[in-house]
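Just follow the structure's listing: the first ligand is 1, and inside any ligand the first atom is 1.
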Amino acid sequence: MSSLAYSLGGEVAGQLVQARPQIHPAYFFGKGKLDEIKSAIRNKEVDAVLVDNQLSPKQTQNLEKIFECEVLDRTQVILEIFAKNALTREAKLQIGLAQSEYLLPRLVGLWKHLDRERGGIGASRGTGEKQIEKDRQFLRQRITRLKVQLKRVEKERITQKQRRSNCLRVSLIGYTNAGKSTIMNALTNSGLLVEDRLFATLDSTTRLLEEDSRPKVLLSDTVGFISNLPHEVVAAFRSTLATVKDADLLLQIIDVSDKIDEHLQTTTEVLADLDALCIPVLKVFNKIDRISPTRLLMLKKLYPEAVFVSVRNNEKNGLKSYSNLVEKLRNKILEFFDERMKTVTIRLDYQHSRQLANIYEWSRVDNIDYQEEGILMTLTTIPGNLDRLRHQMGVNFTEMN
Ligand SMILES: Nc1nc2c(ncn2[C@@H]2O[C@H](COP(=O)(O)OP(=O)(O)OP(=O)(O)O)[C@@H](O)[C@H]2O)c(=O)[nH]1
Ligand SMILES: [Mg+2]
C-alpha cells in the first residue's frame with residue numbers, strides 16, 4: 001500500500017494495522033482504532049487515509065465524516081494511479097470504463113446521506129433516489145459508449161494481429177514494477193518508460209526481438225499485475241491484455257527482491273482470469289543484483305528451469321555483465337522456438353515462385369536448389385506456419401521427406 005501511495009504521488013505519514021476477527025459493518029475499523037487513526041491524522045496533517053482492503057460505500061462515507069479527510073480503498077487507489085498514468089487513447093478508454101463500472105453499484109450509498117440530510121428540513125423526500133436513477137442512467141450510457149469505442153480499438157488490434165499471425169509472439173508478464181519494461185528495452189534496444197513506481201506501463205508495445213530471425217519473433221510489454229484487484233478492473237483491461245492471450249510464449253518476470261510466492265500466485269490468478277493458463281511460461285527472475293549469493297543459489301535450486309538476470313551493472317557483485325545475462329535470456333527464447341520448429345524439404349513449381357517471398361517471411365530457408373523440375377528448398381519453421389504454407393500452395397507444395 002505504501003508503494004501504491006508513493007506511485008500516486010503521495011507521502012506516507014504513518015501506517016496502522018488492525019487485527020479484528022470481524023470487520024465493523026459501518027466503520028470498518030473498531031472504536032479504539034478509529035480514535036487512534038483520528039489522533040494520528042490530527043498530529044501529522046494528513047490529506048487522505050488509504051485502506052488496504054475493499055470498503056463499502058457506506059463505510060467510506062462514515063470514515064470520511066469521522067476523519068474529515070478523503071478515504072480511498074485499495075481499488076480506488078489503483079484506479080487513481082491508472083487514471084493518472086494513462087497516456088494512450090486505449091488506456092484512457094479502459095480506465096474510464098473501469099471507473100464507471102466500479103462506481104455503478106456504489107451510487108446508492110453515495111446518495112443515501114442526501115436523502116437523510118434533506119429529509120429533516122422538509123425538503124422533498126426521495127431527491128437522492130431520483131438523482132441516483134439519473135446518475136445510474138448517465139453511467140450506463142457512458143459504459144455503453146466506452147465499450148463501443150473500445151470495440152473499435154480492438155478491431156484495429158485484430159487487423160494488426162492478422163498481419164502478425166505468421167510471427168512468433170512472446171509476451172512479458174508479471175507483477176507491477178518487476179522490471180518488464182527494463183527487460184523489453186534491453187532485449188530490443190528500445191526506450192520505453194521505466195520507473196520505480198507501480199503501473200508505469202498501462203498499454204501494450206510490440207517490438208521485433210531480432211531483425212533476421214525467421215519466423216520473426218515479436219516481443220510485447222504490457223500492464224503489470226497486482227494482488228487483490230477486482231475482476232471488473234482486470235476485465236476493463238482485456239483489450240490491452242489480449243497480447244498476453246495471443247502469445248506463443250510468456251516470459252514471466254519476477255522481482256527476486258520482492259515477495260516471490262505472492263507474486264507468482266497473483267500471476268497465476270490473472271492468467272486464469274484471462275483464460276491463458278495453457279500458454280507455455282518461461283520464468284525470469286530479475287534484479288538478482290539485489291539478493292545475496294546464497295539466496296540466489298537457493299532459488300536456482302528451486303527453479304532449475306528459470307533464467308536469472310539483472311539489468312544493472314553487476315560486475316562489482318561478482319555477477320556476469322548485464323548484456324551477458326540478457327543475451328542468455330534472448331538465446332533461451334530462441335531455443336524455446338527452435339525446439340518446436342520442424343525442418344522439411346519441399347519442391348516448388350517455377351510458376352509459383354512468387355510464393356518465395358512468403359516462404360522467406362514465414363520460415364528459415366536452410367537450403368535452396370534450382371532444379372529443372374522445380375525449386376528444391378529445405379525450410380525450418382513452426383508447425384503452424386508449415387500448415388499455412390501447405391494451405392496456400394496446395395498441390396504445388398510437395399514435401400520430399
Ligand atoms: N536493482 C535492479 N533494479 C532493476 C532491475 N531491473 C529493473 N529495475 C528497476 O525496477 C524498477 C521498475 O522497472 P520497470 O521496468 O519500470 O518495471 P515494470 O515491470 O515495467 O513495471 P510497471 O510497468 O510499472 O508495471 C525501475 O526503477 C528499474 O530501474 C534490475 O535488474 N536490478
Ligand atoms: Mg512497465
Side-chain angles (χ1 to χ4, degrees), residues 1-9 77-88 90-91 94-95 170-207 219-229 233-234 237 240-241 243-244 250-260 262-264 266-267 270-271 281-293 295-296 299 306-330:
M1 189 43 114
S2 56
S3 302
L4 284 171
Y6 168 73
S7 301
L8 197 53
V77 173
I78 293 169
L79 287 176
E80 288 288 326
I81 298 173
F82 278 11
K84 204 179 94 194
N85 294 359
L87 293 176
T88 61
E90 185 176 17
Q94 292 183 126
I95 183 64
V170 183
S171 212
L172 288 156
I173 56 158
Y175 213 80
T176 178
N177 212 45
K180 297 177 294 300
S181 302
T182 310
I183 288 179
M184 171 91 169
N185 284 343
L187 280 169
T188 63
N189 246 327
S190 312
L192 302 181
L193 174 73
V194 165
E195 262 189 311
D196 194 12
R197 277 172 192 263
L198 310 185
F199 301 112
T201 309
L202 283 184
D203 42 24
S204 297
T205 313
T206 299
R207 295 278 148 80
L219 193 64
S220 297
D221 180 27
T222 190
V223 60
F225 305 160
I226 194 163
S227 52
N228 303 325
L229 195 61
V233 179
V234 179
F237 275 80
T240 289
L241 289 168
T243 51
V244 174
L250 299 176
L251 285 194
Q252 180 178 7
I253 314 299
I254 306 136
D255 180 347
V256 281
S257 64
D258 216 327
K259 299 175 196 140
I260 294 177
E262 195 185 312
H263 294 186
L264 286 172
T266 298
T267 303
V270 179
L271 288 181
V281 175
L282 175 60
K283 283 193 176 63
V284 181
F285 287 92
N286 187 31
K287 310 195 189 181
I288 56 170
D289 56 291
R290 294 176 72 171
I291 53 167
S292 70
R295 191 170 159 79
L296 179 59
L299 286 171
V307 185
F308 291 81
V309 297
S310 159
V311 197
R312 280 289 143 98
N313 287 322
N314 305 309
E315 282 90 337
K316 63 175 188 300
N317 305 338
L319 296 167
K320 284 194 181 137
S321 78
Y322 91 84
S323 52
N324 219 310
L325 292 169
V326 169
E327 270 328 291
K328 225 168 105 183
L329 175 57
R330 181 199 306 280

Among protein heavy atoms, which sits nearest to [atom], and what does the distance come to when rounded to 0.1 Å?
atom                    : answer
atom 15 (O) of ligand 1 : T182 OG1, 2.5 Å
atom 6 (N) of ligand 1  : N286 ND2, 3.2 Å
atom 29 (O) of ligand 1 : R312 NH2, 2.6 Å
atom 25 (O) of ligand 1 : T176 OG1, 2.8 Å
atom 31 (O) of ligand 1 : V311 N, 2.7 Å
atom 18 (P) of ligand 1 : K180 N, 3.4 Å
atom 32 (N) of ligand 1 : D289 OD1, 2.7 Å
atom 12 (C) of ligand 1 : N177 OD1, 3.0 Å

Polar contacts were defined as any N/O atom of the residue lying under 3.5 Å from an N/O atom of the ligand; does this apply to [X] and ligand 1?
X    : answer
A200 : yes
F199 : yes
L198 : no
V309 : no

Among [options], whose heavy atom sits nearest [atom]?
atom                    : options                : result
atom 30 (C) of ligand 1 : E195, K287, R197, R290 : K287
atom 17 (O) of ligand 1 : G179, G174, G224, S257 : G179
atom 28 (C) of ligand 1 : I81, V194, I173        : V194

Q: Could you tell me which non-hydrogen atom of G174 sits nearest to which non-hydrogen atom of K180, and how far apart they are?
A: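 So the minimum-distance heavy-atom pair works out to O-NZ, 3.5 Å.
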Q: Give the ring-plane orientation class for F82 versus F199, where under 30° counts as parallel, over 60° as perpendicular and anything between as tilted.
A: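 F82 and F199: perpendicular rings.
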Q. Has T201 got an N, O or S atom lying less than 2.8 Å from the Mg ion (ligand 2)?
A.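 It does: T201 brings an N, O or S atom closer than 2.8 Å to the Mg ion (ligand 2).
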Q.
Quick check on the Mg ion (ligand 2): does M184 put an N/O/S atom closer than 2.8 Å to it?
A.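 Under 2.8 Å: M184 has no N, O or S contact with the Mg ion (ligand 2).
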Any sub-3.5 Å donor-acceptor pair from [X]'s side-chain atoms to [Y]'s backbone N or O?
X    : Y    : value
R312 : K287 : no
D221 : T205 : no
D203 : E90  : no
Y175 : S227 : yes

Q: Consider ligand 1: state whether an atom of it lies below 4.0 angstrom from any non-hydrogen atom of M184.
A: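 Distance cut 4.0 Å: M184 fails for ligand 1.
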Within ligand 1, which atoms have a heavy atom of [X] less than 4.0 Å away?
X    : value
S181 : 15 (O), 18 (P), 20 (O)
S310 : 31 (O)
D196 : 26 (C), 27 (O)

Q | Euclidean distance, K283 NZ relative to L299 CG, rounded to 0.5 Å | A |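 Spacing of CG (L299) from NZ (K283) equals 12.0 Å.
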**Q.** From OG1 (T176) to CD1 (I226), nearest 0.5 Å
**A.**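 Separation between the atoms: 6.5 Å.
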Q: Could you tell me whether K84 atom NZ has more than 12 heavy atoms of other residues or ligands within 6.0 Å of it?
A: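 For K84, atom NZ is crowded (more than 12 foreign heavy atoms under 6.0 Å).
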